Each structure stands twice: as C-alpha cells, then as structure tokens.
Amino acid sequence: MALHLSLLLLLLLIFYRLSAGRHVSVKTGGSITFPCSYDLNHINHVKYWCKGLGWDVCSYVVRTDYPKSSGKNSISDDINKRIFTVTMTDLEPEDSENYRCVVEINRGPDIRIQWFYLSVTPGTPELYVDQQEVTGVEGGSVTVRCYYSTSGDMKWCRMGGDCVRGYSGTFHGTSVRLMRTSDANNRKVLTVTMSGLKMENTDWYWCRVGELEMPVHITVSQQTATQRSSKMTSTTQDPTTQQPSASPTAEPVQNDNTSQGAEGNMEEVHQRPIDVKVLLISLGMLVVVTAGILVAWKMWRKHNNKAENQPIITSAQDRFPDNDDVTYSTVVLKRKTQQKLQTKSAEPDDNVFYSSLALQVTTQHRAAAAQQLLTERRPWSSP
C-alpha cells in the first residue's frame with residue numbers, strides 16, 4: 001500500500017511539473033522575474049500571481065490592485081505592451097512550487113494565462129543567465145549567455161512569437177546566431193547573438209534547453225550623438241567587421257531538423273542601417289560644391305563675352321593686306337574742310353583724301369609761279 005502511495009505521489013509530482021508549462025531553476029538566495037502577456041480586452045482588468053498545486057486551488061501571492069508588493073514578491077502592469085511582470089527575491093527551497101499568471105474576470109471564471117514551475121536549488125541551477133535584463137542600441141548587437149547542465153533541444157524564442165533553432169535565423173530582419181561553447185570554468189554555454197537591432201526588438205525572450213527555460217528582457221534604445229560619432233570613428237579606423245571570438249572548444253548548435261524557413265542553416269550578413277544624418281550631410285556638401293561650380297562657370301562665360309564685345313585696335317599694316325611689292329607711308333587723312341584751310345585755290349573732290357605732303361608741294365609751286373609773274377610785269381609798270 002505504501003509503495004502504491006509513493007508511486008501515486010511521484011506520478012502526481014511529474015504531472016504537476018509537466019502541467020506547469022515552463023520550468024525555471026533558480027539558486028537559493030537568488031531572484032527572478034516572470035513575464036505574463038494578456039489580450040487587449042483585459043487592459044483594465046486586475047491581474048494577480050497565485051501559488052498552488054491543484055487545478056482549482058491557487059492562493060493569491062500578489063495583485064495589481066492592492067497591494068502591489070507583498071514580502072519578497074512584487075507585480076507591475078505595462079498596459080502599453082500588455083505585459084505584467086512578477087518579481088520574486090530571496091528565494092528559498094520552500095518557494096519551489098507551481099505558479100500562475102491570472103487575469104481576474106468579474107462575474108465569470110478567471111483566465112489563467114501562463115503556468116510556471118519554479119525550482120529553487122542550493123547548488124548550481126540547471127539553466128541560468130548572467131542577467132535577465134540586457135540593453136542594446138539601434139543598429140548594434142547584444143549577446144546573451146545561457147549556462148546549462150542538462151541536454152535537449154536548444155532554442156531562442158520571442159515571447160508569443162517564433163523560435164530560432166539550429167545555427168541561425170532572423171526575427172523580422174534582425175539576425176540571430178546560436179553557438180554552443182564551453183567557458184574557462186568548463187561550463188556549457190549557449191551563446192545567443194542578435195545583430196542589427198531595431199527598436200521593435202524590445203521584448204521578452206526565452207532561452208530554452210530541453211524542458212528548462214529562462215526569461216530574458218532585451219531593451220533597444222536609440223543611439224546618442226556620442227555613440228554615432230564613436231561608431232563613425234571606429235569604422236574609419238578599422239573598416240573590417242569584427243567577428244566575436246569563440247572558445248577553442250566551440251561548436252555549432254546541433255540542428256534538430258525543425259523547419260526554419262529559407263534561412264535554416266545559412267549565415268546571414270546584415271548591413272547596419274545608414275545613418276540618416278551622415279547621408280544628409282554628404283548630400284548637402286554635394287549641393288554646395290555643385291553650386292560653386294555653376295557660379296564659377298557663369299562668371300567665366302560673362303568674362304569671355306565681355307572680351308569678345310571690345311573693339312580690336314590694329315595698326316595700319318593690319319588694315320591692309322600684306323604685299324611685298326608695295327611700300328606704304330603713314331598718312332594723315334583729313335576732311336575737305338581741313339584742306340580748304342590750307343589752300344583756298346584747291347577744290348578737291350569730296351570723296352578724295354589727300355596727304356599733307358602733296359598739299360605742301362602744291363602750295364610751294366603756286367607761290368613760285370606767283371613770284372615769277374610779278375617779276376615779269378615790273379618792266380612795264382610806270383615809274
């Protein structure tokens with residue numbers, strides 16, 4: 001009879017352990033935070049965290065209405081993300097139990113969202129992480145190390161979403177890489193690296209090894225001006241992409257032959273988004289340079305046009321064709337009025353121009369002829 005009772009208790013323990021859904025292991029004296037997501041219709045409802053082994057027996061531990069903290073336990077509700085979280089601290093072995101996330105329904109049965117089985121052990125937990133809260137910047141990467149001592153299927157899952165198995169995968173364009181390694185203390189480590197982070201990657205994730213799970217929250221924030229400047233400087237100094245170092249005993253995660261889509265076992269390379277401000281600065285510099293070239297070109301054209309419109313002064317030799325057989329003298333062209341002032345007797349043609357040399361000779365000849373005529377008339381003049 002005692003044997004049958006022992007077997008029955010063992011079966012009940014196994015049943016309750018399996019019925020909890022998620023199995024979490026924590027070291028004595030440690031703490032842990034459990035996330036619980038709910039539907040849009042339950043934003044204004046009371047949420048609570050209860051403890052119990054039976055299907056219908058679940059005693060309140062902490063509630064969102066009052067009080068929000070009780071002893072070692074506290075609860076908070078984020079209605080924007082529709083997630084309420086429960087934090088348990090200073091855990092002891094007697095805290096090992098089934099726990100449930102519940103939404104209270106007025107005038108109706110409450111809704112049990114998620115079941116957990118918490119195991120508090122004085123030794124090393126079967127699955128744990130360095131910290132449950134990890135932060136990163138947009139476009140950067142984060143690394144989560146899950147230490148484990150059990151065996152089984154290894155996954156990295158987003159709460160309420162898909163899981164990445166095998167070597168690598170993606171979460172809506174964000175690259176996820178899984179690597180199984182051993183650290184210096186010979187601890188088995190499942191290293192999860194998420195690259196090309198986006199703001200929408202802020203969420204709760206689950207590191208799973210076999211039936212054990214550990215929740216991890218990742219927060220992605222925007223880059224500051226200092227971080228962008230540092231990133232540009234490091235890129236200029238070392239344009240090569242640095243790969244994370246791995247232990248000599250590192251080996252890829254074994255594929256569990258679960259369908260992962262087209263990117264199943266392929267390594268994906270994701271370029272970081274181009275900084276918008278850098279692109280705008282480059283575009284602005286290009287516009288300034290282009291405008292400077294256009295202004296210089298217009299000034300050059302204006303100078304050339306002005307030079308072409310100026311009269312060209314040439315010498316007498318340039319105005320007459322070159323002829324080796326003809327010798328030209330420099331003459332001064334004068335109009336008819338100037339010629340009449342020099343000599344009244346001359347009646348030149350209006351269309352003819354005379355040189356000063358020809359006019360001088362003609363005047364001398366006329367003066368000599370007049371003098372001779374006077375001399376010839378003197379003998380016949382009266383005394």
Side-chain angles (χ1 to χ4, degrees), residues 18 20-24 32-40 42 78 80-85 101 111-117 127-129 131-148 150-181 189-221 244 252-273:
L18 293 175
R22 298 185 185 278
H23 304 161
V24 181
I32 188 171
T33 299
F34 297 92
C36 306
S37 61
Y38 55 86
D39 294 336
L40 181 64
H42 300 148
D78 187 346
N80 294 322
K81 296 181 179 179
R82 302 196 306 275
I83 296 176
F84 74 91
T85 56
C101 302
I111 299 177
R112 299 177 177 88
I113 299 175
Q114 184 63 60
W115 295 357
F116 296 93
Y117 178 79
L127 175 64
Y128 66 97
V129 294
Q131 53 187 1
Q132 278 192 276
E133 184 68 36
V134 181
T135 60
V137 295
E138 188 177 13
S141 62
V142 293
T143 299
V144 179
R145 292 177 177 85
C146 305
Y147 301 91
Y148 65 96
T150 185
S151 60
D153 182 25
M154 299 182 183
K155 306 175 185 177
W156 177 254
C157 304
R158 186 167 185 168
M159 188 173 69
D162 300 329
C163 296
V164 174
R165 306 173 178 86
Y167 298 109
S168 62
T170 58
F171 282 146
H172 303 289
T174 300
S175 175
V176 180
R177 182 180 181 183
L178 306 181
M179 182 69 69
R180 186 172 64 186
T181 61
V189 185
L190 174 62
T191 303
V192 181
T193 303
M194 296 181 63
S195 305
L197 293 173
K198 302 177 181 179
M199 297 297 294
E200 53 266 29
N201 292 136
T202 299
D203 206 343
W204 281 95
Y205 297 82
W206 294 90
C207 184
R208 296 181 180 178
V209 178
E211 64 176 13
L212 294 172
E213 302 184 29
M214 177 57 64
V216 178
H217 186 262
I218 294 179
T219 302
V220 182
S221 59
V253 176
Q254 297 297 327
N255 195 340
D256 60 357
N257 296 324
T258 305
S259 175
Q260 306 175 54
E263 65 275 3
N265 293 327
M266 297 177 60
E267 293 290 342
E268 296 184 357
V269 179
H270 296 274
Q271 296 181 350
R272 295 181 178 178

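The shown structure was predicted, so the numbers you read here are calculated from the model rather than taken from an experiment. In this chain, numbering begins with 1 at the start of the sequence shown.
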Check your understanding: Is any side-chain heavy atom of V192 less than 4.5 Å from a side-chain heavy atom of Y205?
Key -> no
Practice item. Could you give me the CA-CA distance, side-chain angles and deciding distance for N201 and R158, then say whether side chain to side chain contact (heavy atoms under 4.5 Å, CB included) is met? Key: CA-CA 9 Å; N201 292 136; R158 186 167 185 168; 4.1 Å; yes
Review point. Is there side-chain contact between H42 and I113, with heavy atoms separated by less than 4.5 Å?
Key: no
Review point. So do R165 and D153 actually touch side chain to side chain, heavy atoms under 4.5 Å?
Key: yes
Exercise for review: Quick one: pull up OG in S168 and CG in L178 and give me the separation to the nearest 0.5 Å.
Suggested key: 8.0 Å
Check your understanding: In Å, rounded to the nearest 0.5 Å, how long is the span from CZ of R180 to OG1 of T191?
Key -> 11.5 Å
Point to revise | Minimal non-hydrogen separation, F84 against C101, with atom names | key: CZ-CB, 3.6 Å
**Study point:** Residue pair W156, C207: steps toward the side chain to side chain contact (heavy atoms under 4.5 Å, CB included) verdict
**Key:** CA-CA 5 Å; W156 177 254; C207 184; 3.9 Å; yes
Check your understanding: Quick one: are Y148 and M214 in side-chain contact, heavy atoms under 4.5 Å?
Key -> no
Check your understanding: Checking side-chain hydrogen bond (donor to acceptor under 3.5 Å, both in side chains) against H217, which of Q132, Q131, E133 comes through?
Key -> E133
Exercise for review: Check the pair L197 / T174 against side chain to side chain contact (heavy atoms under 4.5 Å, CB included), numbers first and verdict last.
Suggested key: CA-CA 6 Å; L197 293 173; T174 300; 4.3 Å; yes
Review point. Within the distance-only criterion (no hydrogens, no angle test), does the side chain of K198 pair as donor or acceptor with the backbone N or O of H172 below 3.5 angstrom?
Key: yes
Point to revise | Separation of C36 SG from W204 CH2 (nearest 0.5 Å) | key: 10.0 Å
Point to revise | Minimum heavy-atom distance between M159 and S37, given as atom pair plus value | key: CE-CB, 4.0 Å
Practice item. Evaluate the side-chain proximity of Y38 to I111: yes if any heavy-atom separation is below 4.5 Å, no if none is. Key: no
Practice item. Please name the pair of heavy atoms, one in I83 and one in P35, separated by the smallest distance, quoted to 0.1 Å. Key: CG2-CB, 4.3 Å
Review point. If we only count heavy atoms from C-beta on, is the P215 to R22 side-chain gap below 4.5 Å?
Key: no
Practice item. Find the distance between CG (L127) and CE (M154) and round it off to the nearest 0.5 Å. Key: 9.5 Å
**Study point:** Contact summary for S175 and T170, nearest pair of heavy atoms
**Key:** CA-CG2, 4.4 Å
Check your understanding: Should the ring pair H23 and Y117 be called parallel, tilted or perpendicular, given that the plane angle runs from 0 to 90° and is split at 30 and 60?
Key -> perpendicular
**Study point:** Exam field: side chain T202 to backbone V220, donor-acceptor pair closer than 3.5 Å
**Key:** yes
**Study point:** Spacing of CD belonging to E211 relative to CD belonging to E213, to within rounding of 0.5 Å
**Key:** 9.5 Å
